[in-house]
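Residue numbers run from 1 in the order of the sequence given. Please read these numbers as outputs of a predicted model, since none were measured by experiment.
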Amino acid sequence: MPETIHTQVLIIGAGPAGYTAAIYAARGGLDPVLVSGLQPGGQLMITTDVENYPGFETAIQGPWLMEQMAKQAEHVGTRVISDLLMNVDFSCRPFRCVGDSGDVYLAETVVIATGAQARWLGLPSEKRLQGAGVSACATCDGFFYRGKQVAVIGGGNTAVEEALYLTHHADKVTLVHRRDSLRAEKILQRRLFSHPKITVVWDSAVEEVTAGGQPEVVNGVTLRNVRSGALSHLAVDGVFIAIGHMPNTTIFRGQVELDDEGYVLTKPGLTQTSVPGVFAAGDVQDKLWRQAITAAGTGCIAALEAEKFLTLQALPTVQAAAQAAE
């Protein structure tokens, strides 16, 4: 039978932002409920070596880190529910959310932490080699390509920024773009074209990511010239897909303000959305940094803001009760 679940804080999403919000909310005595969604752990579940999360001397595995966060959230009092929310109503409090299970969640505050997904090319070889030379995050994985050669696929701001960042590690960076001009901002283009480590391959699309060795690791990409159809092979040690991200915000359209790309809009430096009592943390509202540590930081902020919101909401009731007692 469907259940109606009441909570002071409902956290939607189970990545670094969601789990951190849950930990802080639970320690604040708010008895949070976390609905994990389709992919508990978020993008870190497909990340192998994590070397830039503070507190660990050597590389750790992304799935292990998420498992530890989940256990910590539950240990301090979070109720974690495996469900997928299908629709939400933020028009009045308590906020009402309905899961695929049929369960109804009634919440005084909500933290949206549904994250974002990298856009991929859709190639079987690309999917097979994720974590073995194929990445969608130069900041996360660029360190592993010191002294090596890498390719960046894309032509917008993200691709150019990734290529420029990778020059701090790789000996050679090749930007591959399917058109004959870039969409990136002019100032970024000038930096790209003037950098001695970067070359650009125009009018080319990736047909296949190639690999060798045992276990398999990337050793290049097969490119197809979109004008002539000619195939060529580019030898590289890593491939970075930089064609953008998609925030997981479909069910929030019409409920909170989103920007043109679908990211949740929050007040500068805070996690407050356009709806009082609804907060957003992590990659669902952060299109710039997209790091586990920054997501965790905003998760902490969201929980503290939710606690403050609930305290302020309770003040008139407390004051009225005190006056009645006089």
Side-chain angles (χ1 to χ4, degrees), residues 11-27 32 34 36-76 78 80 111-118 129-146 148 150 158 161-162 164-166 168-170 217 237-242 245 247-248 263 266 269 271 279-305:
I11 299 162
I12 308 172
Y19 285 136
T20 305
I23 291 164
Y24 274 80
R27 286 178 55 80
L34 184 149
S36 61
L38 277 178
Q39 188 182 11
Q43 294 186 72
L44 276 179
M45 296 304 289
I46 58 171
T47 303
T48 51
D49 290 344
V50 177
E51 288 194 330
N52 57 3
Y53 199 88
F56 302 97
E57 179 184 2
T58 57
I60 56 173
Q61 299 296 299
W64 178 86
L65 179 60
M66 290 298 91
E67 179 185 351
Q68 295 302 303
M69 285 191 183
K71 288 180 177 179
Q72 184 178 4
E74 291 186 285
H75 176 74
V76 295
T78 302
V80 177
V111 175
I112 300 171
T114 47
Q117 300 177 35
L129 294 166
Q130 285 178 23
V134 173
S135 173
C137 181
T139 311
C140 308
D141 299 327
F143 180 79
F144 300 114
Y145 296 92
R146 289 169 296 172
K148 297 184 178 181
V150 299
T158 299
E161 288 168 351
E162 298 273 271
L164 289 167
Y165 176 82
L166 286 165
H168 299 306
H169 302 289
V217 293
D237 303 294
V239 179
F240 289 82
I241 311 300
H245 285 72
N248 299 316
Y263 288 86
T266 55
T271 62
F279 308 91
D283 290 6
V284 77
Q285 57 89 44
D286 171 22
K287 67 175 73 174
L288 294 177
W289 311 116
R290 298 194 297 268
Q291 299 298 300
I293 188 64
T294 53
T298 54
C300 166
I301 293 170
L304 296 176
E305 288 196 283

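Distance check, rounded to the nearest 0.5 Å: CD1 of I301 to CZ of F279 gives 12.0 Å. Taken from OG1 in T266 to CG in D286, the straight-line distance is 9.0 Å, to the nearest 0.5 Å. Between atom OG1 of residue T114 and atom CD1 of residue I11 there is a gap of 13.0 Å, rounded to the nearest 0.5 Å. Put simply, CD on Q72 and CZ on R27 are 8.5 Å apart, with the number rounded to the nearest 0.5 Å. The CD1 atom of I60 sits 9.0 Å away from the CD atom of Q68 when rounded to the nearest 0.5 Å. Note that the CD atom of E67 and the CE atom of M45 stand 8.5 Å from one another [nearest 0.5 Å].
You'll find the side chain of C137 reaches within 4.5 Å of the side chain of Q291, heavy atoms only. Looking only at side-chain heavy atoms (C-beta outward), D141 and F240 come within less than 4.5 Å of each other. A 4.5 Å side-chain heavy-atom check between L65 and F56 finds at least one atom pair inside the cut-off. Contact of the P40 side chain with the M66 side chain is not registered, since no non-hydrogen atoms from C-beta on lie closer than 4.5 Å. The side-chain heavy atoms of V134 and I241, taken from C-beta on, include a pair separated by under 4.5 Å.
Around atom CH2 of W289, no more than 12 heavy atoms belonging to other residues, nucleotides or ligands sit under 6.0 Å away.
Annotation for P54 and I293: closest pair CD-CD1, 3.8 Å, computed over non-hydrogen atoms. Nearest heavy atom pair, residue A292 against residue P16, reads O-CB, 3.6 Å. In plain terms, the two heavy atoms of A22 and T78 that are nearest each other are O-OG1, 3.3 Å. Between V150 and A170, the shortest heavy-atom contact is CG2-CB, 4.0 Å. The two atoms that bring A302 and V111 nearest to each other are CB-CG1, 3.8 Å, heavy atoms only. Nearest heavy atom pair, residue N52 against residue C140, reads ND2-CA, 4.1 Å.
Put simply, the side chain of T298 gets close to the backbone of A295: a donor and an acceptor are under 3.5 Å apart.
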Next on the checklist: Using side-chain contact (heavy atoms from CB on, under 4.5 Å), reason through D283 and H245 one step at a time and then give a plain yes or no.
Outcome noted: CA-CA 9 Å; D283 290 6; H245 285 72; 5.8 Å; no
Item to check | From CA spacing to verdict: side-chain contact (heavy atoms from CB on, under 4.5 Å), L166, Y145 | outcome: CA-CA 8 Å; L166 286 165; Y145 296 92; 5.5 Å; no
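Here the options are E161, H168, E162, the test is side-chain contact (heavy atoms from CB on, under 4.5 Å), and the partner is Y165; only H168 passes.
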